[in-house]
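Report on one structure; see the data block that follows.
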Amino acid sequence: MSTITFFPVDCGDMTLIRLSDQAASSILIDVNIRASADDPDDSSVRDVASDLRTRLQRDALGRPYVDVFMLSHPDEDHCLGLSRHFYLGPIADYPDDKKPDKDKRIVIREIWSSPLVFRRRSKDHVLCDDAVAFNREAKRRVKQYRQGLGNKDGERVLLMGEDVDGKTDDLTSIVIKPGTTFGHLNGAYNSCFEATLLAPILCDEPDIVEELKKNNSSIVINFALDSVEPGRPRCKFLSGGDAEVYVWELLWAEYEHDDEALRYDLLQAPHHCSWHSLSWDSWSDKGQKALVSEGARAALAQAKSGAVIVASSKRILDDKNDPPCIRAKREYESILAGVGGKFMCTGEYPQHWEQSPLDLQVSYGSVRVKKAGGGSSAVAAIAAAPRAGSPQ
Ligand SMILES: [Zn+2]
């Protein structure tokens with residue numbers, strides 16, 4: 001069955017999707033492995049690298065791998081620890097085969113990267129070392145592809161969105177355009193998932209380009225993940241990095257009349273449950289007088305019956321902090337109240353003083369929290385819409 005794991009990484013993202021195909025294909029969205037999480041003498045921060053490794057497959061050579069690593073945008077809280085835990089470089093030169101399993105760097109079979117994200121970032125913002133390393137590796141893979149050498153595990157790349165000035169016009173078979181739905185990963189069609197890319201959006205208007213920098217360049221993508229039961233409804237998982245109010249307003253304007261684009265059974269609350277994804281006003285300045293953007297809220301309110309919203313953030317307190325912001329949590333809870341859904345926070349799961357990865361299992365009609373030892377308990381009913389052609 002498909003499983004989605006949210007790792008407790010404070011205000012940052014690290015989300016693993018495992019599909020229901022026989023190979024249990026994996027898609028990792030972002031990493032945030034802090035040095036303190038790797039420090040065996042620091043028991044105050046969860047060892048999420050070990051948590052991740054226990055959930056990954058090993059290949060025929062004994063190397064841990066993910067089928068896909070997608071970087072939503074190159075902020076540190078989305079790529080920290082990448083170089084330390086993942087192998088970046090030609091797969092033919094993989095250097096860790098003689099090391100114990102726990103020290104082998106994780107192979108990324110296919111990278112999903114947005115060239116626009118880096119272009120929008122690099123003008124005004126200094127990238128952290130891990131972001132630079134990721135960008136270098138994505139570019140290396142594109143070069144390999146151009147030379148006809150990119151079609152193997154550890155060398156593949158897909159570009160999420162086009163680059164400016166026709167720079168990706170010769171790469172059509174590895175470019176996913178916004179608004180496109182695709183069903184392949186790591187070089188092959190996979191019948192257990194689809195994904196619709198919604199952003200970043202390529203735009204020439206100078207005013208809009210200015211707004212689309214930084215967090216607003218995040219990849220916004222809506223996955224459709226198979227249930228365990230063949231032919232059963234899929235679960236829609238909407239993930240939007242740190243996209244803020246402007247992007248959600250744009251997406252609502254674009255997809256208001258589209259029944260599926262923004263619909264979700266599971267939403268990762270954008271930007272660690274930030275108020276800035278729902279409003280132009282400052283929460284700390286205006287408090288309860290801060291106004292909600294109707295368009296952004298509408299875009300983020302396309303919850304199906306029994307939907308779950310997960311904030312990947314610290315514990316959410318009733319204070320002026322943002323993110324995570326208590327007012328944003330309340331807004332999401334009001335969205336979920338209308339559909340019988342549930343709001344969860346990685347910083348509070350299972351308890352705020354002792355966190356564990358939040359494993360959600362997708363099966364017909366529900367998302368369940370997977371408990372240690374293999375059991376599960378229902379947290380919310382999810383009535384995923386039937387796929388075309390599937391029995392009602
Ligand atoms: Zn972030």
Side-chain angles (χ1 to χ4, degrees), residues 4-16 27-37 45-46 48 52 69-83 85 112-114 116-118 120-122 124-135 160 198-200 211-221 237-248 251 266-279 282-284 296 300 309-317 321-329 332 344-349 355 357-358:
I4 303 139
T5 304
F6 297 89
F7 297 89
V9 293
D10 230 353
C11 282
D13 282 358
M14 181 161 152
T15 309
L16 178 68
I27 302 169
L28 180 63
I29 306 169
D30 297 339
V31 286
N32 186 27
I33 306 174
R34 293 160 288 170
S36 51
V45 179
R46 180 87 188 183
V48 289
L52 173 66
F69 174 71
M70 184 187 96
L71 181 62
S72 70
H73 68 297
D75 273 352
E76 193 173 64
D77 57 317
H78 295 256
C79 59
L80 194 64
L82 186 74
S83 311
H85 289 280
W112 291 3
S113 171
S114 162
L116 214 50
V117 160
F118 283 95
R120 286 179 182 155
R121 291 288 304 191
S122 55
D124 303 313
H125 303 280
V126 177
L127 296 173
C128 66
D129 290 347
D130 282 309
V132 170
F134 176 88
N135 196 20
M160 296 290 129
L198 301 173
E211 288 290 345
L212 289 175
K213 286 179 180 170
K214 218 181 159 209
N215 288 334
N216 281 341
S217 65
S218 293
I219 292 172
V220 181
I221 191 166
F237 169 35
L238 180 59
S239 167
D242 285 357
E244 296 182 347
V245 58
Y246 186 66
V247 168
W248 298 107
L251 289 175
L266 176 62
L267 168 71
Q268 185 153 8
H271 197 190
H272 326 297
C273 201
S274 166
W275 180 242
H276 290 289
S277 295
L278 288 158
S279 171
S282 159
W283 164 245
S284 55
L300 290 164
I309 296 178
V310 175
S312 185
S313 71
K314 296 178 186 184
R315 181 187 183 194
I316 305 170
L317 297 169
N321 208 25
D322 182 20
C325 174
I326 186 72
R327 175 99 186 266
K329 175 184 174 180
Y332 291 123
M344 302 185 81
C345 171
T346 55
E348 300 168 10
Y349 179 79
Q355 301 150 11
L358 170 58

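All residue numbers in this chain count up from 1 along the given sequence. In this text, all values refer to a predicted model and were calculated from it rather than measured experimentally. Whatever order the structure lists them in is the order used to number ligands and atoms, beginning at 1. Side chains are part of it too, since the values below use all heavy atoms of this structure and drop only hydrogens, waters and symmetry mates.
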> Nearest to the Zn ion (ligand 1), which N, O or S atom of D242 do we find?
Replying inline: OD2

>> Let me check your reading of the structure: within less than 2.8 Å of the Zn ion (ligand 1), is there an N/O/S atom from D77?
In response: yes

> Are side-chain N/O atoms of H272 and S313 paired as donor and acceptor at under 3.5 Å?
Replying inline: no

> Rounded to 10 degrees, what angle sits at the Zn ion (ligand 1) between H78 NE2 and H272 NE2?
Replying inline: 100°

> Would you say the side-chain atoms of S277 pair up with the backbone N or O of A243, donor to acceptor, closer than 3.5 Å?
Replying inline: yes

> According to the interplanar angle, ranging from 0 to 90°, do the rings of H73 and H78 count as parallel (below 30°), tilted (30 to 60°) or perpendicular (above 60°)?
Replying inline: tilted

> Under the criterion side chain to side chain contact (heavy atoms under 4.5 Å, CB included), which of D13, T15, I33, L52 is the partner of F7?
Replying inline: L52

